[in-house]
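In the text below, chain A, chain B and the rest are named by the order of the sequence lines, each starting its count at 1.
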Amino acid sequence: MDVTQILDPLNPAQRLAVGSPTPTLLVLAGAGSGKTRVLVHRIAWLIRAEGIPPQRILAVTFTNKAAHEMRGRIEALLTIPTRDLWVGTFHGLAHRFLRRHAREAGLADTFQILDADDQHRVVRRLIKGLGLDETRWPARQAQWYINAQKEEGRRVRHLSEPHDPFERQMLQIYQAYEEICDRSSLVDFAELLLRAYELLRDTPELLGFYQQKFQHILVDEFQDTNRIQYLWLRLLSQDRENLFAVGDDDQSIYSWRGAMVENLQHFQRDYPSHTLVRLEQNYRSTGHILAAANALITHNQNRLGKNLWTELETGEALSLYNAFNEQDEAYFVVNRIQSWSRDGHARRDAAILYRSNAQSRQFEEKLVAMGIPYRVYGGLRFFERAEIKDALAYLRLVANPQDDASFERIINTPVRGIGAKTLDILRGLARTERCSLWHAMATLCADEAIPTRARKPLLQFKLLMEDLADSTSGLELWEQTQRTVQKSGLIEHYRKEPYEQAAQRIENLEELTSAARQFEHEPTLDAELPVLDQFLAHAALESGESQSEATDDCVQLMTLHAAKGLEFKLVFMVGLEEGLFPSLQSLEDTVRLEEERRLCYVGITRARQKLYLTYAESRRIYGKETYPRPSRFLREIPPEHLDEVRLRGSTTPSAIMPDSTMKQSASKQALRIGQRVRHVKFGEGVILQSEGEGTQARVQVNFAGAGVKWLMLAYANLQAVA
DNA sequence: TGTTAATAAATTTTT
DNA sequence: TTTATTAACA
């Protein structure tokens with residue numbers, strides 16, 4: 001293959017990045033500017049043009065999906081297998097590193113990974129164990145605190161005696177949590193990164209080895225890196241300055257999870273030899289869409305600055321629909337999707353994007369009513385399902401009896417008569433003896449002083465687990481999984497649930513065996529490590545698809561966050577209202593508001609051909625009727641790119657005025673819900689609802705200036721506005 | 001031990 | 001409004 005083939009399909013800026021003679025680059029890649037393409041071609045270039053062996057290249061992403069896509073595209077471009085390339089997520093790579101050097105990292109070989117849900121359970125149990133009031137010290141908050149500390153690299157010992165009582169309590173929880181994790185050899189997501197970083201930092205031989213090994217390091221979505229991720233990259237690349245970072249400050253939407261856009265500046269400071277490349281040509285969206293996005297984002301301060309342009313046609317302006325309420329909004333959107341689909345377009349090319357998951361319901365209902373297939377992203381994923389986690393907990397406890405989290409999960413699932421009392425004794429013993437629950441149980445089983453009634457089920461559980469360990473050792477992974485599921489009694493346990501649910505759960509448990517079977521043939525398996533450990537890690541790190549495969553032709557529903565990195569021909573951004581988008585929690589704070597604006601920018605730039613923006617006059621939130629104002633983001637888009645959709649009264653003919661009252665109103669036009677009206681004193685507004693008849697008829701109007709008012713029709717003298 | 005009524009809370013979530 | 005959690009009960 002001729003190396004020019006790698007450069008030829010690129011534009012000048014992309015070519016500059018891909019063919020760069022220096023390894024240190026910061027690529028500011030605007031939305032739809034070919035970011036992944038540049039990464040893929042860069043790696044191809046390094047291998048083909050510079051002769052770098054694939055095993056000396058490290059490429060880091062945030063999601064498994066991105067990692068898979070990158071691998072696939074490199075293979076397609078180079079037509080060679082990419083086994084030797086180090087491509088993976090931060091967490092996946094950190095995990096691989098820790099498995100290889102578990103002892104040096106102070107971990108058992110059989111250490112297990114806690115996902116967010118596991119972590120929450122551990123923290124909650126611990127707060128109870130400390131005798132704290134759970135309403136005053138919610139587990140979520142403590143969990144958040146712990147992760148935030150770890151993401152900043154702060155261990156308990158770094159946080160000496162805070163004066164603030166809140167901080168002090170959190171610190172105590174953090175400390176207790178760490179003790180449990182250490183004792184059980186459990187590692188949460190943040191710990192994977194932090195421990196990998198610390199091990200590298202404190203072990204010169206290892207650091208030297210990996211620094212030598214990786215001649216080139218590439219990172220995707222650099223704006224999303226947190227402090228530890230940056231420090232880890234810096235550690236590996238500091239002596240050679242061989243870091244190739246691709247990112248977009250305008251698409252930084254995860255600061256609330258510890259992502260630091262500032263790392264873009266840190267990069268420029270810490271790698272003085274770097275070249276800065278801007279990718280500003282957009283290949284995705286038509287002119288109006290791009291112009292709207294550009295205009296919106298200029299309202300943010302402190303940008304690195306970038307202006308996207310396109311050679312594509314101007315296209316259609318954005319359509320703005322002012323719905324009467326959330327029902328009407330959903331009705332409008334689904335109608336448009338139906339005609340789009342009737343025109344012969346694929347449903348999968350249409351997406352509904354919202355700020356919060358709760359908004360999906362209205363759309364789902366209307367889609368169901370119209371018989372349009374759809375898919376909601378962001379639900380429970382396969383390995384996150386309760387029954388699957390139960391089964392995995394059995395496997396985990398066999399692999400590592402110290403794993404208290406798994407022990408707690410299955411000690412009485414299915415119920416085997418081990419109640420709260422016995423558990424308290426176990427926990428107490430584990431705490432005083434500083435041992436695992438498994439060990440405490442073994443002690444208790446042998447203790448003659450304990451009544452047989454409590455001991456018997458414990459003994460049975462112990463025997464079950466020992467039997468599982470014996471009878472499955474040496475078996476292949478899928479067989480081990482199958483036996484474990486069968487012997488655990490989980491199937492019988494779930495059969496007691498309502499039929500449909502039970503059937504689904506049992507099906508999932510059976511599916512787990514197929515997943516294990518499939519996993520054994522993964523090309524990325526590490527021959528050096530036990531397959532079971534790898535499978536369990538895979539379950540935690542890559543929890544699988546949330547719903548049916550995207551092979552079906554479905555309309556796509558997801559949050560704006562989930563839409564990052566995707567594109568659709570037709571996009572609906574819904575609920576553009578103050579308090580919803582931007583969210584209530586962001587209204588007061590400029591920094592958070594700017595993040596909401598970036599989120600809006602991300603949403604707009606998902607659209608390739610047509611973008612609809614919708615907002616509602618009234619919306620039920622938590623069962624209460626609210627009358628939000630249109631989102632400020634709508635005002636930030638220049639009107640020349642916006643077309644207001646006016647179909648009020650034609651598609652939603654909800655006339656509310658009987659003829660007699662109509663005559664009493666000064667207007668010749670029928671007043672109906674959604675009708676725009678003018679009032680002498682309050683100005684313009686929209687009718688929300690009505691009640692009463694004749695001279696008693698009243699309407700509720702949402703005035704732009706004066707808010708929501710009830711008015712007597714007979715006296716209000718409302719003028720209909722076209 | 002499992003079900004039911006009451007009560008409080010309520011963004012976004014790559015791993 | 002929905003959802004989760006807990007206290008009370010059979």
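- The aromatic ring of Phe90(A) does not sit over the base of dT15(B); the criterion of centres under 5.5 Å apart with planes under 30° is not met.
- As a whole-Å value, the separation of Leu560(A) CG from dT12(B) P is 11 Å.
- The base of dT12(B) is paired with the side chain of Arg355(A) by a donor and an acceptor separated by under 3.5 Å.
- You'll find that the side chain of Trp256(A) is closest to dT12(B), out of dT12(B), dT2(C), dT15(B).
- Summarising the geometry, the separation between CE on Met573(A) and C1' on dT12(B) is reported as 14 Å, rounded to the nearest angstrom.
- With rounding to whole Å, Gln585(A) atom CD is found 14 Å from dT13(B) atom P.
- In this structure, the nucleotide among dT11(B), dT1(C), dT13(B) sitting nearest to the side chain of Arg361(A) is dT1(C).
- Atom NE2 of His120(A) is separated from atom C1' of dT13(B) by 14 Å (rounded to the nearest Å).
- Distance, Arg124(A) CZ to dT6(C) C1': 11 Å, rounded to whole Å.
- In this structure, the CH2 atom of Trp144(A) is 16 Å from the P atom of dT12(B), given to the nearest Å.
- For Tyr197(A) and Phe90(A), the distance between ring centers is not under 6.0 angstrom.
- For the pair Asp115(A) CG and dT15(B) C1', the computed distance is 10 Å after rounding to whole Å.
- When heavy atoms are screened at a 4.0 angstrom cut-off, Ser586(A) is found touching base atoms of the nucleic acid.
- When each of dT15(B), dA10(B), dT2(C) is scored by its nearest atom to the side-chain atoms of Thr89(A), the top-ranked nucleotide is dT15(B).
- Nearest nucleotide to the side chain of Arg381(A), out of dT13(B), dT15(B), dT1(C): dT15(B).
- Note on Gln362(A): nothing from the nucleic acid sits closer than 4.0 angstrom, heavy atoms only.
- Residue Asn357(A) places none of its side-chain N or O atoms closer than 4.0 Å to OP1 or OP2 of dT2(C).
- A centroid separation of 6.0 Å or more is found between the aromatic rings of Tyr374(A) and Phe363(A).
- As judged by a 4.0 angstrom heavy-atom cut-off over every strand, Ser583(A) is placed among the base-contacting residues.
- When heavy atoms are screened at a 4.0 angstrom cut-off, Asp224(A) is found touching base atoms of the nucleic acid.
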Exercise. Would Glu69(A) and Arg73(A) count as a salt bridge (Lys or Arg N to Asp or Glu O under 4.0 Å) if you check the C-alpha gap in whole Å, the side-chain angles of each, and the deciding distance to 0.1 Å?
Worked result: CA-CA 6 Å; Glu69(A) 188 186 342; Arg73(A) 282 171 70 168; 3.0 Å; yes

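- The residue among Val415(A) and Ala540(A) whose nearest nucleotide of DNA chain B is located toward the 5' end is Val415(A).
- Closest contact between the side chain of Asn412(A) and the listed nucleotides dT15(B), dT1(B), dT1(C) involves dT1(B).
- Between Tyr230(A) and Trp232(A), the distance separating the two ring centers is not shorter than 6.0 angstrom.
- Checking the phosphate oxygens (OP1, OP2) of dT11(B), a side-chain nitrogen or oxygen of Tyr622(A) falls inside 4.0 Å.
- The same atom, P, is picked in dT12(B) and in dT5(C); the two are 16 Å apart, to the nearest Å.
- Nucleotide dT11(B) carries a syn base; the chi torsion (O4'-C1'-N9-C4 or O4'-C1'-N1-C2) is within 90° of 0.
- Ring geometry for His538(A) versus Phe535(A): interplanar angle under 30°, hence parallel rather than tilted (30 to 60°).
- If you measure from atom CD of Glu595(A) to atom P of dT13(B), you get 13 Å, rounded to the nearest angstrom.
- Using modelled atom types, one side-chain atom of Gln534(A) and one backbone atom of Asp526(A) make a donor-acceptor pair closer than 3.5 Å.
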